[in-house]
S.K.: 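First the structure, which I've put down as structure tokens, then a few questions once you've had a look.
Counting convention: from 1, in listed order, for ligands and their atoms alike. Small disclaimer: the values here were computed from a predicted structure and weren't measured.
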Amino acid sequence: MRLKDKVAVITGASRGIGRAIALRFAEEGCDVVVCYRADSGAALETVRLVEACGRRAIALQADVTRRKEVRGLMAVAVDRMGRIDILVNNAGVNKVCTFDEITDEDWDWVLDTNLKGPFICCQEAWEYLKVGGGRIINIASVAGQYHGPKTVHYAVSKAGLISLTAAVARYGAEWGILVNAIAPGIIETDLTRDELRGPGGRAVVGLTLLKRPGELQDVTSAAVFLAGDDQNYVTGQVISVAGGAVLP
Ligand code: NAP
């Protein structure tokens with residue numbers, strides 16, 4: 001039990017990577033605040049699965065781009081669960097298209113969700129994370145390190161998130177808050193299912209050394225490592241979970 005009796009707030013935990021992290025954290029002894037935007041049924045299913053692991057869970061609605069909603073989310077999380085030890089900024093969106101097809105609306109939607117959202121969540125969780133020297137884990141992407149290969153606004157948002165990770169880590173150090181990012185390669189979820197089966201997905205897999213997509217467990221294991229007390233000296237870093245698509 002690497003996360004025994006800790007409390008994690010996970011955004012976008014109604015499905016995909018967020019739900020997988022919620023369940024893995026629960027298996028490691030963590031209670032979970034399941035943050036969702038629209039699908040309360042899916043969020044409640046995550047709650048049910050966490051509870052089946054013997055841990056506490058609540059589902060709270062908040063759009064990460066709206067500060068008032070995020071402020072309310074963090075306050076209710078602390079009120080109901082007692083504290084926040086871990087914040088996972090996982091909520092994210094993409095609209096796969098070529099550079100010339102991106103509209104201003106697409107740009108704002110992707111940048112607001114993937115970059116401004118984590119900024120707001122970090123700020124609003126800050127006073128609670130300061131109490132116990134908490135952890136922040138930002139779910140970035142190999143796209144932010146590779147600058148593509150296709151979707152420009154998505155790549156820029158994730159490159160920004162990697163920069164936010166290092167910048168906020170500087171501020172967190174004083175309080176013992178460790179801030180890190182995970183940059184997954186392509187993992188099959190709702191976000192990538194169609195892409196993965198088409199030429200775009202095959203091209204992305206072709207960029208990896210291992211020539212296959214990753215699995216949810218590859219990402220959740222990295223998240224447990226960053227969230228737990230097995231390590232207390234990693235901050236401001238990015239763990240690439242991308243089959244060697246990007247080499248340092
Ligand atoms: P997903 O299955 O599409 O799930 C996205 C989650 O984010 C959903 O729970 C969604 O909630 C939530 N969300 C979206 N906009 C939100 C908002 N404004 N406020 C709050 N929640 C919001 O995606 P995924 O594949 O699990 O991806 C999770 C994260 O991993 C993303 O940041 C993504 O960029 C990153 N990532 C994924 C891959 C991959 O291959 N899958 C690779 C690299 C990085 P609703 O259903 O309510 O909208």
Side-chain angles (χ1 to χ4, degrees), residues 9-24 32-47 59-70 72-74 87-96 108-121 124 137-146 148-151 153-162 164-165 181-197 200-201 204-205 207-208 212-220 222-223 238-243 245-246:
V9 172
I10 306 175
T11 67
S14 55
R15 53 196 165 94
I17 291 174
R19 174 184 281 176
I21 292 173
L23 300 192
R24 183 68 194 279
V32 181
V33 177
V34 175
C35 167
Y36 69 99
R37 182 192 53 166
D39 192 346
S40 59
L44 288 171
E45 175 61 8
T46 305
V47 166
L60 296 178
Q61 193 279 332
D63 182 328
V64 296
T65 67
R66 297 188 181 155
R67 185 173 288 276
K68 262 190 180 169
E69 293 184 16
V70 174
L73 163 79
M74 300 302 174
L87 167 66
V88 181
N89 285 311
N90 165 79
V93 292
N94 190 12
K95 182 178 168 191
V96 179
D108 289 345
W109 178 56
V110 170
L111 268 289
D112 280 358
T113 308
N114 296 0
L115 183 53
K116 190 176 179 188
F119 159 68
I120 291 173
C121 289
E124 294 299 330
I137 300 169
N138 295 321
I139 307 300
S141 169
V142 67
Q145 300 173 304
Y146 194 84
K150 194 167 182 189
T151 316
H153 48 0
Y154 183 76
V156 170
S157 73
K158 295 300 188 177
L161 184 56
I162 289 168
L164 182 78
T165 300
I182 298 170
I186 198 155
I187 315 280
E188 183 166 336
T189 66
D190 293 348
L191 189 71
T192 54
R193 194 154 292 118
D194 292 343
E195 190 191 358
L196 200 48
R197 287 177 186 17
V204 173
V205 169
L207 297 173
T208 68
R212 57 178 169 78
E215 312 249 332
L216 288 168
Q217 189 188 323
D218 298 318
V219 180
T220 62
V238 186
I239 297 184
S240 173
V241 182
V246 173

S.K.: List, ordered by chain and residue number, the protein residues whose closest non-hydrogen atom lies under 4.0 Å from any atom of ligand 1.
M.R.: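 Residue list for ligand 1: G12, S14, R15, G16, I17, R37, A38, D39, A62, D63, V64, N90, A91, G92, V93, T113, I139, A140, S141, Y154, K158, P184, G185, I186, I187, T189, D190, L191, T192.
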S.K.: State the OG1-CG distance between T11 and D63, to the nearest 0.5 angstrom.
M.R.: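 Taking OG1 in T11 and CG in D63, the distance rounds to 10.5 Å.
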S.K.: Using the test side chain to side chain contact (heavy atoms under 4.5 Å, CB included), find all partners of L196 that sit at least two apart in sequence or belong to another chain.
M.R.: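 Partners of L196 under the side chain to side chain contact (heavy atoms under 4.5 Å, CB included) test: I186, E188, V205, P213.
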S.K.: Got L161 and N114 here, is their nearest side-chain heavy-atom distance under 4.5 Å?
M.R.: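 Counting from C-beta outward, L161 and N114 never come under 4.5 Å.
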S.K.: Roughly how far, to the nearest 0.5 Å, is CG of L87 from CG of N138?
M.R.: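 Reported value, rounded in 0.5 Å steps: 7.5 Å.
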S.K.: Side chains of D39 and S14: any donor to acceptor distance under 3.5 Å?
M.R.: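 No, no side-chain donor-acceptor contact under 3.5 Å.
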S.K.: Report the C-alpha separation of T192 and I187 in whole Å, then their side-chain angles, then the decisive distance to 0.1 Å, and conclude whether the side-chain contact (heavy atoms from CB on, under 4.5 Å) test is met.
M.R.: CA-CA 7 Å; T192 54; I187 315 280; 5.6 Å; no
